[in-house]
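Take a look at the structure below.
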Amino acid sequence: MEQYKIDHKAEDEMIEAAFQEVLAGYLASNHRKKVEIITRAYKFAKEAHKGVRRRSGEPYILHPIAVAKIASQEIGLGSTSICAALLHDVVEDTDYTVEDLEQHFGKKIAQIVGGLTKISGGIFGNKASVQAENFRKLLLTMSEDIRVVLIKMADRLHNMRTLGSMTPNKQYKIAGETLYIYAPLAHRLGLFAIKTELEDLSFKYEHPAAYNHIKELIKESEAHRTEIYRKFSAPIKQKLEEIGLKYEAKARMKSVYSIWNKMEKKKVPFEEIYDIYAMRIIFDCDDPDKEKITCWNIYSIITDLYKLHPDRTRDWISVPKANGYQALHITVMGPDGNWIEVQIRSRRMDEIAEKGFAAHWKYKIGDGDEESELNVWLRTIKDILDNPEPSAIDFLDTLKLNLFASEIVVFTPKGELLTLPNNSTVLDVAFELHSQLGLHCIAGKVNHKLVPLSHKLKSGDQVEVLTSQSQKPRPEWVNFLATAKGKNRLRVALRKDQQPIKEQGKEIFTNFLKKHNLVGTNEVITKILGFLHIANREDLYLALGNNEVSLDDNLAKNITKQNSTSILTKLFRRKPSSNDKKEGTTTEIKIDTKETYILQHNENGANFKIADCCCPIPGDDVLGFIDENNEVIVHALDCPRAMMLKAGYGSRIVSTEWEVSTQKFLATIHIEGLDRFGILQELIQLISSTLNIDIRKLNIEAKNFVFSCQLSVLVKDTQVVTDLCNKVKKINGVKQTSRIY
């Protein structure tokens, strides 16, 4: 008992010390000092959560304290937000109500806690409709008070920092949700430091081996990078000191996730990623009017010393990014012959870059340029919320378009400036200006030249939209749009036009089910969609109404036959359990998502299916998705479809592990190099005879002395693919090999 008292006292001291850290950071900021209300909120929350512990075993109150610290010291919010962060779980987890909080702490704090309670438990629940609805709530509360989402971001960051205590399937769900929605949202709000950490933490839990490998490579190359940076920065620092500039210069490392992302996209090893670091120059400037000229003076000094890359200068001072980011980025040739990026910004710009709109909130600057940009974005979000997609995944995908990192700036003939996602077209501009312009757009004039409505725009283009009243929207236009607003408006218009056709198709489908005594369960409909290669019910009704597909007796027979055998196949689609009934049972056993699912293959077949969108093989980091038929579909962790499933259907994600077997899987490899006589023969000889690997498909094309080859082979695991690529590289003339999937 005495031991318990000592532990209890030590725990109280630890909690008090954590709260004092929050107070110390707050007192060091330039916010108005409202210590009394913060202390009251802390004591109230501590009492409300008394005796409750987190999954990790620590007292629950440490979580709200940590969230308050992030909100205050990493995002830069003030006393109202600190109080709301301390109280953010009180309404959800205890008997206190929002009205109780309003009585104790006032209307504003209670409103923010109420907004956080609406979107509690992460963005997503168990069902697709609930997920989409909760996401709508998140975005609506964001437009009511941006602090709700900023505190939610702090809450998510702390949850990610303590994710190690969760089960593997929960880790996949939360990490996937974070990478798919929260990291882009952090970027859109200008929270660059938080966005980077969220990406790295998600990557750490999804690909632990790759994460640790890249961390090790960064550590090994640190001494070499430090020396290169010292040589590169020394002359710049000397010149800046000569002109008497007060500044801070530092090397900014590329994050582990962004290095891996580049390695994957470019299919290159770590050694060939040359922009692993950039130099950042942050200067002090009391007069905002002199910031721009100081940036260009520093630009002049650097370009006098080093050769400038003409196509990689980014001026985000004259035209800031939509998230308020301002800086001048230039790329110059370093002393080691590689290109090095230099980011130039003032202390004010740096704070906005790291803390985004929160920096403006802190100073209450009113409707400045940056807040206006945020309001424009929030209006676009509201526009999408008014006409949501019927499918939750489509809805999330549409919104994802609005969390774009890359942007372009174009101008109307009147000089109005529009900020759009990269790859935007004339049609995007038309919808951005007005729905009717988009629906009747026939073409455009870009820089006074006539172009089709699918023409992709570049920053600085002047765009005029041409319309005709006889023009009607077409389904294929969706492929020409990059903006969420444009896609949403087009889909609403198409749905309106297509409704009578869909009703007709629905009637045909209902009659088909009645004729063959079939019940329209999710399982039956999924099978029909699979047979006809159609994505969803809406598309099926449309195709039937347009007479593009037909439902016949053979289809009904196949469905009936599958239903009669599905129970037996389902019995094998799981790891055998001691609780299983004897052979011949008709009871379907649900897969336990809390346990690791073993991917097995024997003479009766496999207890899993390989997703054809990413085609993973043993050795790949994978997860399982349990479909409507209780089948486990195996996806690569970084597959775009898997990212959507993690974000949208977290409760159906299961952690998986490959069992060693003799089963072989299809892998596709890309090979390119210099063409010469006999190279194909050498390649086939190596693969078939020397390595004894079965070739299933081979496409090779040679043009202007360069060849490219796509090769599909049957392999046991990723190690075989790696060995194959390494050996093929040694063939004279081969320059690059990489696995596509």
Side-chain angles (χ1 to χ4, degrees), residues 127-133 135-136 384-401 427 431 435 438-439 471-481 484-563 566 611-613 625 627-631 633 641 644-645 648-649 652:
K127 296 178 184 174
S129 57
V130 176
Q131 296 148 11
E133 187 53 43
F135 197 36
R136 286 184 197 113
I384 297 164
L385 295 173
D386 291 338
N387 297 289
E389 284 291 304
S391 155
I393 287 290
D394 286 347
F395 174 72
L396 295 175
D397 231 15
T398 304
L399 282 160
K400 188 81 160 52
L401 287 171
L427 192 57
F431 275 111
S435 289
L439 297 174
Q471 176 73 298
K472 287 190 175 180
R474 298 173 190 175
E476 61 267 24
W477 283 9
V478 76
N479 301 317
F480 306 152
L481 290 163
K485 181 178 179 179
K487 286 201 174 192
N488 192 57
R489 292 282 171 88
L490 175 64
R491 282 170 178 157
V492 168
L494 289 173
R495 277 205 298 274
K496 194 175 176 182
D497 290 346
Q498 292 167 350
Q499 201 52 43
I501 301 168
K502 283 183 183 174
E503 291 297 330
Q504 195 178 334
K506 190 175 181 181
E507 192 178 335
I508 293 168
F509 186 67
T510 306
N511 291 336
F512 168 78
L513 293 177
K514 278 181 186 174
K515 181 183 173 184
H516 296 283
N517 294 320
L518 289 169
V519 182
T521 60
N522 281 340
E523 186 175 348
V524 168
I525 291 167
T526 302
K527 281 173 183 157
I528 292 171
L529 293 174
F531 275 116
L532 298 173
H533 303 291
I534 292 174
N536 53 52
R537 258 187 240 210
E538 297 284 315
D539 288 352
L540 173 63
Y541 297 153
L542 189 62
L544 288 169
N546 282 325
N547 293 319
E548 291 169 5
V549 296
S550 61
L551 304 170
D552 55 24
D553 294 345
N554 285 334
L555 177 62
K557 282 177 188 173
N558 279 323
I559 297 297
T560 311
K561 186 181 174 184
Q562 277 207 357
N563 279 347
S566 62
D612 55 14
C613 49
F625 171 70
D627 70 4
E628 290 83 357
N629 302 327
N630 205 37
E631 284 187 308
I633 312 297
R641 179 69 186 162
M644 284 197 285
L645 293 171
Y649 297 92
R652 283 157 64 180

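K506 and Y541 get closest at one heavy-atom pair: CA-CD2, 3.6 Å. Across every non-hydrogen atom of L490 and V478, the tightest pair is CD2-N, 3.4 Å. Of all heavy-atom pairs spanning R474 and L494, the tightest one is C-CD2, 4.0 Å. Shown here for F625 and R652, the closest heavy-atom pair between the two residues is CZ-NH2, 3.3 Å.
Expressed to the nearest 0.5 Å, how far CG of L551 lies from CG of L540 amounts to 6.5 Å. One finds the CG atom of L427 at 9.0 Å from the CG atom of L439 (value rounded to the nearest 0.5 Å). Atom CG of L481 and atom CZ of R491 lie 9.0 Å apart (nearest 0.5 Å).
Annotation: side-chain contact (heavy atoms from CB on, under 4.5 Å) contacts of N511 (sequence neighbours excluded): E507. Residues satisfying the side-chain contact (heavy atoms from CB on, under 4.5 Å) test with A611, not counting sequence neighbours, are C613, C614, I633, H635.
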